[in-house]
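Encoded as structure tokens, the structure appears first; notes follow it.
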Amino acid sequence: MTSASSSGDETSDPKPNPITKPPEDQLAALALSDTDSQANGVANESPRGNNHNEIENEEEVAALTNSAPSGSSEVVESSGGGGGGILRARSNSELEADGPESPSSSGYAGGRGSSSASSDGSGIDEIAAVSDVEVVDGVSDSQAPWVPGKRHVDEDDASISWRKRKKHFFILSNSGKPIYSRHGDEHKLAGFSATLQAIISFVENGGDRVKLVRAGKHQVVFLVKGPIYLVCISCTEEPYESLRMQLELIYGQMLLILTKSVNRCFEKNPKFDMTPLLGGTDIVFSSLIHSFSWNPATFLHAYTCLPLAYATRQAAGAILQDVADSGVLFAILMCKHKVISLVGAQKASLHPDDMLLLSNFVMASESFRTSESFSPICLPRYNAMAFLYAYVHFFDADTYLMLLTTSSEAFYHLKDCRIRIEMVLLKSSVLSEIQRSMLDGGMRVEELPLDPLPRSGSFSPHLNQHTLPTDSPDRFREPYDGVGGPAGLWHFVYRSIFLDQYVSSEFSAPINSARQQKRLYRAYQKLYASMHERGIGPHKTQFRRDENYVLLCWVTQDFELYAAFDPLADKALAIKTCNRVCQWVKDVENEIFLLGASPFSW
Amino acid sequence: MGCSSSLPDRGSGRLVGPNVENGGAADAKNLRVKLVLLGDSGVGKSCIVLRFVRGQFDPTSKVTVGASFLSQTIALQDSTTVKFEIWDTAGQERYAALAPLYYRGAAVAVIVYDITSPESFNKAQYWVKELQKHGTPDIVLALVGNKADLHEKREVSVQDGMGYAEKNGMFFIETSAKTADNINLLFEEIAKRLPRPALSSSSSIQNP
């Protein structure tokens, strides 16, 4: 058994240029300069200009990121230690094709929440069925074929199908009792859980801590949180750091439901069975795990906003602020996983991970859509020990309001607040603007402007003003005539460091199947991990080319940009295009970001 | 249940808000009552409420989180109206310690079990005892055996349910949210059993 103490990524990551420059110079410099046009990288677009933020001289790394395994079938001999020979032969073709849900024990279906979305048995990673139409509208719609809830409850560690699942997550207690398993029935996995527990305690008895076990293509990642053990077994080639973060989020989701005071149950009774306490929440965990493959918030630790005209967002923010002043701790208005506006009471700040976990909890739990609710929830980053009380109300299928308070008696007050908010939102037609923004979508790479727009620039037709028609001569033209945006730009994600927000472009051809989107997110995630590698990171720039994409990453003190291009894209043009993307984001930041929100500090 | 440490103490939780004062509950002709549904998870509490409030039945109904709030007004033959403000609580174990928050101040508690599940009948008895100890004095208690349409799977006899209810001075009825059998009757019968405020008095049912 290997007890690896560091992540040790298999793929030899490229060495992004360690351009060591004083950080203050990066603040203003917003220019990636084109290596071709600026031989020494001295001439610069930035007034502060030296070449600190240039991308140049990077080694092009070919075919290093094999983020999604290609179809060959691999046979993995599990090494002796990795869980007692449980991991065997796998065929590699996305074997998470999930069968129909098993019905719950009672006819009224309390337990394994099935969703109102017609369950055609298509599973979490079986994405071939997504029609193009659904995908065009963006990330969120790629969830369409995903059926929430627990599947494969009939499986256990003896089932071949169970063994073939590409990614397992387990929660167990330090006495080896199963608490949660992504696939299969927890109770049938008692023996398997005991094995995992044995591995962990064996290493702990030696005064060490097991973090990662490799067995062929499989990684077994461990996370110990007091009496709770979390384990991921994956052959998805995601970096160790990413998988560990996913375990952290799963743990956070558990705390959101139960608080950390659940630990006391184990102090009283080490053999405490926690599964009943999590009754009915399978759907929350499976939805979170699903989001690991489509929601960049899960690795960026940032949230994203629904694009809205500045005045519209202001109007929403003003009424939320009004309510927050009346004793509400947090008032959050969201549309699916996107924030419309949020306000915190004085000195209270909300961590993006808490927002992710909270919105996942609310969206995954169907009962919130039925009627207004008042429920205890815990924000692990805010206070992991105590419950807050959440008033949740859906204005329509996608738009919902969450009012959080410390007072268990505040329901009627929060209900009144909601009525006031609803009136204002209707009057100022914020709700209809939200609907429109949902339909229109966000930034599209095809619309990347040639020249910087005036400050008031807009990117989307409904936000009026400076929209460039598709055939405008103003449009950015490059001698590249493939699909996607200029210079072969296919997609980008921009994360503002100060705002803790990111913006992601809409998916368009050729990244138009959910499978391709997932592959791209995995590539970004890998890029993120390599840029932030402990000890040697964070790095500033990375340019890598493989058979799927050219990936370009640029990290400054202000922002992080992740961009994907056609694998044949010209490097100099790609760099130039990244500069334009950054400029574009700056130009429309009023509409894509929530500005002036209460500062996030932790 | 162990993780109750951060939950409200019994007696402190009180979901009576500012709107009680101006809610008109004092009007003898227009009653307004707080009703709480309790019972094991999966017995059909939400289904009963949704059948009563919206006339709907969703066989793929969802696990309730915390508690949902709904209201419905019915008119009685004597031309009084009763507005039920209904707390549909989650049956999950982790919310059990939180129940006082929802039943405190309730004029009516509807305790639901599933006639195909003796376990849920035991759980119902637990709730009856809990309410007798900690509920509002003079609370109207109703015991409801739900899923009466599944008679071929019945494991709790009508006699058992009725006997237990009689012993504890409860109103008893069997319902089916699926077929709508007895759902409206349940709430009408509850309404008839509500203590009426004396016409001269302004005391509210919600604040006994």
Side-chain angles (χ1 to χ4, degrees), chain A residues 104-116 119 257-269 272 274 276-284 361-362 365-378 385-387 389-392 408-416, chain B residues 1-8 12-20 40-47 49-50 53-54 56 58-71 86-88 90-95 97-98 100-102 104 114 116-117 120 146-147 149-150 153 177-178:
Chain A
S104 67
S105 50
S106 75
Y108 275 58
R112 318 290 192 196
S114 54
S115 97
S116 52
S119 48
I257 296 165
L258 294 176
T259 78
K260 212 171 179 175
S261 58
V262 74
N263 285 0
R264 289 182 202 151
C265 302
F266 292 98
E267 284 162 19
K268 280 185 216 146
N269 172 17
F272 178 69
M274 220 179 102
L277 281 190
L278 286 174
T281 58
D282 282 334
I283 196 165
V284 175
F361 181 70
V362 170
S365 310
E366 281 285 325
S367 82
F368 286 120
R369 291 163 200 271
T370 313
S371 58
E372 56 192 332
S373 308
F374 190 63
S375 306
I377 57 102
C378 161
M385 293 306 292
F387 274 124
Y389 297 88
Y391 173 90
V392 180
S408 62
E409 298 166 36
F411 172 78
Y412 289 104
H413 173 60
L414 299 183
K415 184 180 166 71
D416 290 344
Chain B
M1 226 275 301
C3 63
S4 57
S5 49
S6 48
L7 299 176
S12 69
R14 191 165 262 270
L15 276 173
V16 271
N19 67 344
V20 168
D40 209 355
S41 68
V43 299
K45 296 182 292 299
S46 301
C47 289
V49 177
L50 289 178
V53 174
R54 301 194 185 146
Q56 297 167 346
D58 180 358
T60 67
S61 75
K62 323 302 183 296
V63 184
T64 304
V65 178
S68 301
F69 180 85
L70 296 99
S71 61
I86 303 167
W87 280 101
D88 172 22
Q92 307 294 340
E93 185 183 326
R94 65 179 169 281
Y95 297 114
L98 207 71
L101 178 62
Y102 302 109
R104 192 68 55 181
D114 171 357
T116 71
S117 158
S120 73
N146 193 32
K147 308 195 193 182
D149 54 294
L150 301 176
K153 289 191 196 157
K178 190 175 177 181

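Below, chain A is the first sequence line, B the second, and so on; all start at residue 1.
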Next item on the list: Would you please test Phe387(A) and Leu98(B) for side chain to side chain contact (heavy atoms under 4.5 Å, CB included) and show each step?
Entry: CA-CA 11 Å; Phe387(A) 274 124; Leu98(B) 207 71; 5.7 Å; no
Taking all non-hydrogen atoms of both residues, which atom of [X] and which atom of [Y] are closest, and how far apart?
| X | Y | value |
| --- | --- | --- |
| Ser371(A) | Arg54(B) | CB-NH2, 3.9 Å |
| Val63(B) | Ser367(A) | O-CB, 3.2 Å |
| Leu278(A) | Arg94(B) | C-NH1, 3.5 Å |

Distance, nearest 0.5 Å, that separates [atom1] of [X] from [atom2] of [Y]:
| X | Y | atom1 | atom2 | answer |
| --- | --- | --- | --- | --- |
| Thr281(A) | Gln92(B) | OG1 | CD | 8.0 Å |
| Ser68(B) | Phe374(A) | OG | CZ | 12.5 Å |
| Leu277(A) | Tyr95(B) | CG | OH | 11.0 Å |

Check: Which one of Pro276(A), Ser365(A), Ala390(A), Ser375(A) has the most heavy-atom pairs closer than 4.5 Å to chain B?
Finding: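 Most heavy-atom pairs under 4.5 Å with chain B: Ser375(A).
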Note to self: Over 60° means perpendicular and under 30° means parallel, so tell me whether Trp87(B) and Tyr412(A) are parallel, tilted or perpendicular.
What the structure shows: perpendicular
Notebook entry, point to check: For Thr64(B), what residues pass the side-chain hydrogen bond (donor to acceptor under 3.5 Å, both in side chains) criterion, not counting sequence neighbours?
Noted result: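 By the side-chain hydrogen bond (donor to acceptor under 3.5 Å, both in side chains) rule, Thr64(B) matches Ser46(B).
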Next item on the list: Not counting sequence neighbours, which residues clear side chain to side chain contact (heavy atoms under 4.5 Å, CB included) with Ser120(B)? List them please.
Entry: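 Applying side chain to side chain contact (heavy atoms under 4.5 Å, CB included) to Ser120(B) gives Asp40(B), Val43(B), Tyr113(B), Asp114(B), Ser117(B).
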